[in-house]
Amino acid sequence: QVQLRESGGGSVQAGGSLRLACRASGSPIRGYCMGWFRQTPEKEREWISSITTGGGTYYADSVRGRFTSSRDNTNNIMYLQMDSLKQEEPAMYYCARPLSGFVCNRDGTDTTWGQGTLVTVEP
């Protein structure tokens, strides 16, 4: 059973940058399409990005051009580089691995989640 742990969250000025990390243990991320999501108490969980087994990336329209996903299969870690953060984007950020290595979806179903890392944006 895979366990995921996010890190790298914190407080950042609007327009600033953060890099989130997602480390997996118990099972590799190699062979899985990994995803990033974010959530606030006021909003439903929002899909942000996916990265395929081969390193291809997909982004939500809201973050495209500002966020970049990458992965390091050797060290069992993936990253989300977030640039030009907006004041409207504070949230709990989660990484996710689908239960099946043949799935690369954006709805978060049948997925293993980390505990999240909190990002706050200061004006």
Side-chain angles (χ1 to χ4, degrees):
Q1 180 176 336
V2 66
Q3 295 176 320
L4 305 175
R5 183 173 298 277
E6 302 91 342
S7 63
S11 181
V12 63
Q13 291 277 89
S17 299
L18 286 173
R19 189 174 77 159
L20 307 184
C22 173
R23 293 173 174 84
S25 61
S27 185
I29 65 171
R30 186 188 307 273
Y32 291 87
C33 180
M34 303 292 294
W36 287 97
F37 296 78
R38 64 186 178 188
Q39 189 170 18
T40 69
E42 296 80 22
K43 297 179 64 176
E44 295 289 326
R45 181 182 59 217
E46 176 189 16
W47 172 81
I48 298 170
S49 178
S50 295
I51 182 166
T52 70
T53 58
T57 54
Y58 302 89
Y59 301 97
D61 290 342
S62 59
V63 305
R64 185 176 293 109
R66 299 185 297 115
F67 289 12
T68 304
S69 293
S70 61
R71 64 192 296 158
D72 180 354
N73 289 334
T74 299
N75 292 295
N76 219 25
I77 185 170
M78 69 169 188
Y79 300 96
L80 182 68
Q81 177 69 42
M82 306 186 295
D83 297 322
S84 300
L85 280 161
K86 300 178 179 180
Q87 190 173 356
E88 299 79 19
E89 293 176 320
M92 189 73 74
Y93 285 72
Y94 299 89
C95 65
R97 195 191 80 168
L99 299 181
S100 172
F102 299 100
V103 174
C104 191
N105 63 56
R106 305 177 184 183
D107 59 16
T109 58
D110 298 323
T111 297
T112 298
W113 302 92
Q115 294 300 305
T117 185
L118 183 64
V119 173
T120 59
V121 183
E122 299 178 346

- Message: Just verifying a value: how many Å separate Cys95 SG and Ile51 CD1, rounded to the nearest 0.5 Å?
- Response: 12.5 Å
- Item | Separation between CE of Met34 and CD1 of Ile77, rounded to the nearest 0.5 Å | 10.5 Å
- Query: Leu80 and Ser49: which non-hydrogen atoms are nearest, and at how many Å?
  - Reply: CD1-CB, 4.5 Å
- Message: So does Thr109 get a backbone contact from the side chain of Asp107, meaning a donor-acceptor N/O pair under 3.5 Å?
- Response: yes
- Message: Given 3.5 Å as the limit, does a donor-acceptor pair link the side chain of Arg97 with the main chain of Pro28, or not?
- Response: yes
- Side chains of Gln1 and Thr112: does their closest heavy-atom pair fall under 4.5 Å? no
- Note on the structure: Rounding to 0.5 Å, atoms CD1 (Ile29) and CG (Leu4) come to a distance of 9.0 Å
- Any idea which heavy atoms bring Gln81 and Ser17 closest together, and the distance? NE2-CB, 3.9 Å
- Here the pair of heavy atoms bringing Arg71 nearest to Thr52 is NH1-O, 2.8 Å
- Message: When you group the ILVMFWY residues by side-chain heavy-atom contacts below 4.5 Å and let the links chain together, are Leu20 and Tyr94 in the same group?
- Response: no
- May I ask you to test the Val103-Asp110 pair for a side-chain heavy-atom distance under 4.5 Å? no
- Query: If you draw a 6.0 Å radius around CD in Gln3, do more than 12 non-hydrogen atoms from other residues or ligands fall strictly inside?
  - Reply: no
- Using side chain to side chain donor-acceptor pair (under 3.5 Å) as the criterion, point out the one residue from Glu6, Gln39, Arg38 that pairs with Tyr93. Arg38
- From Ser62 atom OG to Glu88 atom CD, the distance as rounded to the nearest 0.5 Å: 11.5 Å
- Message: When you compare the side chains of Ser7 and Arg23, does any donor N or O come within less than 3.5 Å of an acceptor on the partner?
- Response: yes
- Task: Please check if the side chain of Asn76 supplies one atom and the backbone of Ala24 the other of a donor-acceptor pair under 3.5 Å.
- Result: yes
- So do Leu99 and Tyr32 actually touch side chain to side chain, heavy atoms under 4.5 Å? no
- Item | Positive for side chain to side chain contact (heavy atoms under 4.5 Å, CB included) with Ser69, one of Tyr59, Tyr58, Tyr79 | Tyr59
- Message: I'd like to know if Leu18 and Val63 are part of one continuous hydrophobic network [Ile/Leu/Val/Met/Phe/Trp/Tyr, side-chain heavy atoms within less than 4.5 Å].
- Response: yes
- Criterion side-chain contact (heavy atoms from CB on, under 4.5 Å) on Trp113 and Phe37, from CA distance to verdict: CA-CA 10 Å; Trp113 302 92; Phe37 296 78; 3.3 Å; yes
- Scanning both residues in full, the closest heavy-atom pair of Pro123 with Gln87 reads CB-NE2, 3.6 Å
- Item | Which atom of Pro90 lies closest to which atom of Thr40, heavy atoms considered | O-CG2, 3.3 Å
- Item | CD (Glu122) with more than 12 external heavy atoms under 6.0 Å | yes
- Query: Around atom CZ of Arg5, are there more than 12 heavy atoms of other residues, nucleotides or ligands at under 6.0 Å?
  - Reply: no
- Task: I would like to know whether Met82 and Glu89 meet side-chain contact (heavy atoms from CB on, under 4.5 Å); could you show each step before the answer?
- Result: CA-CA 11 Å; Met82 306 186 295; Glu89 293 176 320; over 6 Å; no
- Item | Stepwise side-chain contact (heavy atoms from CB on, under 4.5 Å) check, Phe102 with Thr53 | CA-CA 10 Å; Phe102 299 100; Thr53 58; over 6 Å; no
- Going hydrophobic residue to hydrophobic residue with side-chain gaps under 4.5 angstrom, can you get from Val121 over to Phe67? yes
